[in-house]
Student: 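Sharing a structure with you now.
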There are 2 protein chains.
Amino acid sequence: MLSHSRPKPLRTGRPRSAAADEAILEATRASLVDLGWSKLTMSDVATRAGVAKTTLYRRWAGKNELVVDAVAVLFDELELPDLGSLSADVQAVVLQFAALLKRPETQTALMAVVAESTRDEALRARIRDSIVDRQKRLVLQGRQRAQERGELPVEQDEAVAATTDDLIFDVIAGAVVHRALVSAEPVDEDWARRFTVLLLAGLGSAASA
Amino acid sequence: MLSHSRPKPLRTGRPRSAAADEAILEATRASLVDLGWSKLTMSDVATRAGVAKTTLYRRWAGKNELVVDAVAVLFDELELPDLGSLSADVQAVVLQFAALLKRPETQTALMAVVAESTRDEALRARIRDSIVDRQKRLVLQGRQRAQERGELPVEQDEAVAATTDDLIFDVIAGAVVHRALVSAEPVDEDWARRFTVLLLAGLGSAASA
DNA sequence: TCTTTACGCTACGACCCGTAGCGTAACTTC
DNA sequence: GAAGTTACGCTACGGGTCGTAGCGTAAAGA
């Protein structure tokens, strides 16, 4: 679920419409597809959702926060499959992530909100909580599973292991995003295979450095 | 130099002021530092540069193109040093790139224009020509130099070599950008060293795949 | 019934956009 | 020189978005 600190059910007064929440987020995604990040307006979203513009501002501070929440739910579908080998698992996740980045909503929104977050610490935290950490968990799962399989050595120092996870995460997510959005070339099976080979070979040797 | 197709010197009439060009680009960078991408306006840039707003629109289609040109020159300083080993060279380039991404102008602008480029093919081409390809050349140089040193095998198939260059480029640039702008954690010597070890180990083994 | 909160609607000042029109400045050609 | 051509600064403008205020109404709990 989303990170909204839901008001305690003991509150008095008319409750906020959960249906409106969903309608707004859905309208935001639709507007992203049709108009893209830069031409998306609060008025347009309000009209599509069938709510008043003021309702949007009562729940979100602005466009940035709204779009983050609207896109965040799409990252819920990311899962680490269990295909028997670390190589196959990594490759599958890469393709999953690439498929997500192919969608026009995420494509136009992801880079834009990250760009905004460079000047807004609160927005950065929101992105981290609802998007980035959700992906990072896959790395932790993958390493643990690989260690259980004996495909990777068990790291003794917990601190070093954490920085390694960070490194792997930045390499995977960074490479896929860069390939898909900057180079704008397809992340197909062939690319995913070659990338995975590169990464895993590097991991095997990097452990002894 | 920039990619502007300079008007042939045989043209009649008053020539465009080259000084104004530089003043505008400098003003754009200053505005990026002070206001950031989203709050930067054409009017503000014009005022800072001491030119009329109409002059800006006579030279650039809009904010996107202007900012790309303003930031592009910063990427000129990227160079592949010759430190004797591929490992040292890669590490140095990573740190150079990271230093560039630390600057507030590039930080706020880079992701934003890439986000815009997902819906503007012309803008994407402009970014590719004036920014991305400039970095990519470093990969080609690095591979060639490493092959001369005997650190990397000489690839026979030219097409395969090209896709390998693409892969390496996306991994390096993607990882550094992701670390610096998404994870928002420092790209220091330690990280650069660990990343380089990972990459080069992967390269050594990936060749035989 | 009374209180409290959410909602829809309208209206508003502020700002930025991108362009048109005009007079002037700078440079080339004859 | 004079004429032709292009760039520049300036002003003004319609159009659009922003974010908020104010109001009457709707939906819940006490």
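A quick note: this is a predicted structure, and the numbers were derived from the prediction, not measured. Naming: A, B, ... by sequence-line order, numbering from 1 per chain. Just so you know, these numbers use all the heavy atoms, side chains as well, and skip hydrogens, waters and symmetry mates.
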Student: Please list each protein N or O that sits under 3.5 Å from an N or O in nucleotides 10-12 of chain D, with the distance.
Tutor:
unit_1, atom_1, unit_2, atom_2, d
D/dC10, N4, B/T54, OG1, 3.1

Student: Expressed as a whole number of angstroms, how long is the span from A/R14:CZ to D/dT25:C1'?
Tutor: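 In whole Å, D/dT25 C1' lies 9 Å from A/R14 CZ.
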Student: To the nearest Å, how far apart are B/W60 CH2 and C/dT19 P?
Tutor: 16 Å
Student: Which of residues 29-40 of chain B have a heavy atom under 4.0 Å from DNA chain D?
Tutor: none
Student: Give the nucleotide from the list D/dG29, C/dA6, D/dA7 with an atom nearest to the side chain of B/R11.
Tutor: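 For the B/R11 side chain, the nearest candidate turns out to be D/dA7.
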Student: The criterion is side chain to side chain contact (heavy atoms under 4.5 Å, CB included); which residues satisfy it with A/Q147, sequence neighbours excluded?
Tutor: A/R143, A/L152, A/V154
Student: To the nearest angstrom, how far is B/K63 atom NZ from D/dT17 atom C1'?
Tutor: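 Computing the B/K63:NZ to D/dT17:C1' distance gives 13 Å.
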Student: How about A/V94 and A/W191: do any of their side-chain heavy atoms sit closer than 4.5 Å?
Tutor: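 Yes, close enough: below the 4.5 Å cut-off.
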Student: Only counting residues at least two apart or in another chain, list the ones meeting side chain to side chain contact (heavy atoms under 4.5 Å, CB included) with B/V114.
Tutor: A/M111, A/V182, B/S117
Student: Rounded to whole Å, how long is the line connecting atom CZ of B/R16 with atom C1' of C/dT28?
Tutor: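 Computing the B/R16:CZ to C/dT28:C1' distance gives 17 Å.
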Student: Between D/dC18 atom P and A/E65 atom CD, what is the distance in whole Å?
Tutor: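 For the pair A/E65 CD and D/dC18 P, the rounded distance is 13 Å.
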Student: Report, as yes or no, whether the 6.0 Å neighbourhood of atom CD on A/E77 holds more than 12 heavy atoms from other residues, nucleotides or ligands.
Tutor: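 Buried by this count: over 12 neighbours within 6.0 Å.
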Student: Rounded to the Å, how far apart are B/Y57 OH and C/dG21 C1'?
Tutor: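 Computing the B/Y57:OH to C/dG21:C1' distance gives 18 Å.
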Student: Identify, with sequence neighbours excluded, every residue that meets side-chain hydrogen bond (donor to acceptor under 3.5 Å, both in side chains) alongside B/D166.
Tutor: B/K136
Student: Return the 5'-most residue of the pair B/T55, A/T41 with respect to DNA chain D, ranking by each residue's nearest nucleotide.
Tutor: B/T55
Student: Can you tell me which residue pairs pass the side-chain hydrogen bond (donor to acceptor under 3.5 Å, both in side chains) test with a partner in residues 39-54 of chain B, sequence neighbours excluded?
Tutor: B/S31-B/D44, B/D34-B/R48, B/D44-B/R48
Student: Select from B/P15 and B/M42 the residue whose nearest nucleotide in DNA chain C is closer to the 5' end of that strand.
Tutor: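 Looking at the nearest nucleotide for each, B/M42 comes out on the 5' side.
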Student: Would you list the pairs meeting salt bridge (Lys or Arg N to Asp or Glu O under 4.0 Å) in which at least one residue belongs to residues 112-122 of chain A, sequence neighbours left out?
Tutor: A/E121-A/R124
Student: Could you list the residues that satisfy side-chain hydrogen bond (donor to acceptor under 3.5 Å, both in side chains) with B/E26, not counting sequence neighbours?
Tutor: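 Partners of B/E26 by the side-chain hydrogen bond (donor to acceptor under 3.5 Å, both in side chains) criterion, ordered by chain and then number, come out as B/R29.
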Student: Checking A/V171 now: which residues fulfil side chain to side chain contact (heavy atoms under 4.5 Å, CB included) with it, not counting sequence neighbours?
Tutor: A/L167, A/F195, A/L199, B/V171, B/A175, B/F195, B/L198
